[in-house]
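One structure is given below, encoded as structure tokens.
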Amino acid sequence: MDLSLVQANTYELPTSRRVGVIVHDGAADLRLWPAPGPDRELLTAFGADLPRVLEAERARAGGALAQGALLRLIPGRLHCDFLIWVASRPPEKAGQQAPAPVRETLEQAVRDVLDFVRERNVIRIAFPALGAGPGALDDAERLAIIARACTAYYDDCLATGKSNPIEEVVLCHSGLSVVTAARRKVGQLAKLAIDKPAPTAAAPKVAKKAVAKAPGARRGAPRLDEAEIMRARVSAKPWDRSARYMEGHFFVHAKFGVGRVTQVTPDGFIVCLFQDGETRRLIHQR
């Protein structure tokens, strides 16, 4: 399991860094803290439906989650298959934000999240610097806590013989100085992944032309509708090369997102239509 420290906002990861799950920690009553911070960043990236989604889950939970509980949410506009809300702190009281979770709470939250996604065959997962709020440790230290907890979890899986499909954990922060400071704290446990500079102004024209010629992106070509994509993100299983697929089956690919099988070929391949409009051939029953 690789650990990567990335200079990026977790909730605004580019498509090239798409993950299966994004983790967010907040209050047990699922209310968003209105001041600038992770809750507001999540709201901006997720979209205006987030308060409604949280209100529905709050009603379903009887007003609040148990502290430390995990909740699976639809991804909204996030570049992932689903969002995990970790109830790392109690509800607010009299408009005052609850204190930030302590180190032990963060370590347990990471282990619980990894257990949750491991059972669902998630391949890539992204964490921000969990544990913001009054009295919080500095951002680099919180990233380091997550990195060490992930490493300890992986070692436990090896020692106990548990299968672990997680291939990469991405630790994100928008500040380069924070990311490099976290790298110094964890040493070789995590690699520092700095993205290359954005292409020049002429590059988008080339990219646009290439997309226009792609077979799956032709005008009039079949596409998955938004309703299909949303349903599949919540209910479809991750793509598994050893599974047997039939025409019409949905799955979620770690790199390409939601896909639907449109054809099963005699030579052991499946032809799939993906959410980006591209058609790709994948193996199955291997």
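Arg60 and Glu55 are not joined by a salt bridge, as no carboxylate oxygen comes within less than 4.0 angstrom of a charged side-chain nitrogen. Salt bridge Asp81/Arg18: present, at least one basic N to carboxylate O contact under 4.0 Å. Salt-bridge annotation for Glu167 and Arg124: absent, with no side-chain N of the basic residue lying under 4.0 Å from a carboxylate O of the acidic one.
No side-chain donor-acceptor contact under 3.5 Å links Arg58 to the backbone of Ala64. Judged by distance alone, with hydrogens and angles left aside, the side-chain atoms of His284 form a donor-acceptor pair with the main-chain N or O of Tyr245 at under 3.5 Å. At distances below 3.5 Å, at least one donor-acceptor pair connects side-chain atoms of Asp39 with backbone N or O atoms of Trp33. Using modelled atom types, no side-chain atom of Asp25 and backbone atom of Ser88 make a donor-acceptor pair closer than 3.5 Å. Between the side chain of Arg89 and the backbone N or O of Ala98, no donor-acceptor pair lies under 3.5 Å. Listed for the Arg244 side chain is no donor-acceptor partner under 3.5 Å among the backbone atoms of Gln285. Listed for the Thr180 side chain is a donor-acceptor partner under 3.5 Å among the backbone atoms of Leu176. Using modelled atom types, one side-chain atom of Glu228 and one backbone atom of Asp225 make a donor-acceptor pair closer than 3.5 Å. With Arg72 contributing its side chain and Ile84 its backbone, the two residues share no donor-acceptor pair below 3.5 Å. Side-chain atoms of Glu247 never come within 3.5 Å of backbone atoms of Val261 as a donor-acceptor pair (strictly under, hydrogens ignored).
Looking at heavy atoms from C-beta onward, Leu42 lies in side-chain contact with Leu78 at the 4.5 angstrom threshold. Looking at heavy atoms from C-beta onward, Glu107 lies in side-chain contact with Arg103 at the 4.5 angstrom threshold. The shortest side-chain heavy-atom distance between Ile123 and Ile166 does not fall under the 4.5 Å cut-off. Inter-residue side-chain proximity for Ile145 and Leu137 is flagged as met; some heavy-atom pair is nearer than 4.5 Å. A heavy-atom distance below 4.5 Å is found between the side chains of Val258 and Leu224. For the pair Thr10/Val170, no side-chain contact is recorded, criterion being any heavy-atom separation below 4.5 Å from C-beta on. Contact check for Met1 versus Val169: side-chain heavy atoms found under the 4.5 Å cut-off. A 4.5 Å side-chain heavy-atom check between Leu114 and Cys150 finds at least one atom pair inside the cut-off.
Nearest heavy atom pair, residue Ala28 against residue Ala87, reads CA-CB, 3.7 Å. Contact between Leu282 and Cys272 at its shortest, heavy atoms only, is CD1-SG, 4.2 Å. Closest approach of Arg118 and Ser163 over heavy atoms only: CD-O, 3.0 Å. Between His173 and Ala129, the closest heavy-atom pair is CD2-CB, 4.4 Å. Residues Gly68 and Asp112 share a closest heavy-atom pair of O-OD2, 4.2 Å. Considering all non-hydrogen atoms of both residues, Ala27 and Pro91 come closest at CB-CA, 4.4 Å.
Hydrophobic clustering places Phe82 together with Val113 (ILVMFWY residues linked when any side-chain heavy atoms are closer than 4.5 Å, directly or through intermediates). Under the 4.5 Å side-chain heavy-atom criterion for ILVMFWY residues, a single connected hydrophobic cluster contains both Phe127 and Leu189. Linking ILVMFWY residues whenever their side-chain heavy atoms come closer than 4.5 Å, directly or via other members, places Leu171 and Val186 in the same cluster.
Remark: Arg280 qualifies as a cation-pi partner of Phe256 under the 6.0 Å distance and 45° angle criteria applied to the six-membered ring. Under the 6.0 Å distance and 45° angle rule, Arg231 does not count as a cation-pi partner of Phe250. Cation-pi geometry between Arg120 and Phe116 is met: under 6.0 angstrom from the ring centre, within 45 degrees of the axis. Figure legend: cation-pi geometry between Arg111 and Tyr153 absent, as NZ or CZ is not positioned both under 6.0 Å from the six-membered ring centre and within 45° of its axis.
Counting non-hydrogen atoms of neighbouring residues, nucleotides and ligands closer than 6.0 angstrom, the CD atom of Gln96 reaches no more than 12 such neighbours.
Atoms OG1 and CZ, on Thr15 and Arg17 in that order, are 12.5 Å from each other to the nearest 0.5 Å. Once rounded to the nearest 0.5 Å, the distance linking CZ of Arg142 with CG of Asp139 reads 4.5 Å. Taking CD1 from Ile22 and SG from Cys80, the interatomic distance works out to 4.0 Å, rounded to the nearest 0.5 Å. Distance CG/Asp267 to CD1/Ile283: 11.5 Å, rounded to 0.5 Å. Atom CG of Leu5 and atom CZ of Arg184 lie 11.5 Å apart (nearest 0.5 Å). In this structure, Glu104 CD and Gln108 CD are separated by 10.5 Å, a value rounded to the nearest 0.5 Å.
A donor and an acceptor atom, one from each side chain of Glu168 and Ser4, are located under 3.5 Å apart.
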Between His253 and Phe274, is a side chain to side chain contact (heavy atoms under 4.5 Å, CB included) present by the stated rule, with each step listed?
CA-CA 9 Å; His253 194 279; Phe274 286 90; 3.9 Å; yes
Let's go through Glu12 and Glu41 carefully: what are the C-alpha distance in whole Å and the side-chain angles of both, what is the deciding distance for side chain to side chain contact (heavy atoms under 4.5 Å, CB included) to 0.1 Å, and is it a yes or a no?
CA-CA 9 Å; Glu12 298 176 353; Glu41 291 176 3; over 6 Å; no
Leu83 and Ile74: side chain to side chain contact (heavy atoms under 4.5 Å, CB included), yes or no, with the steps?
CA-CA 6 Å; Leu83 172 72; Ile74 62 172; over 6 Å; no
Does the pair Asn164 and Tyr154 meet the rule for a side chain to side chain contact (heavy atoms under 4.5 Å, CB included), with working shown?
CA-CA 8 Å; Asn164 183 16; Tyr154 178 68; 3.5 Å; yes
Show the numbers, then the answer: is there a salt bridge (charged side-chain N to carboxylate O under 4.0 Å, His left out) between Lys185 and Glu141?
CA-CA 8 Å; Lys185 289 175 179 288; Glu141 179 59 26; 3.3 Å; yes
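The aromatic rings of Trp239 and Phe251 lie tilted to each other, with the angle between the two planes from 30° to 60°.
When the options His24, His79, Arg77 are evaluated for a side-chain hydrogen bond (donor to acceptor under 3.5 Å, both in side chains) with Tyr11, the one that passes is His24.
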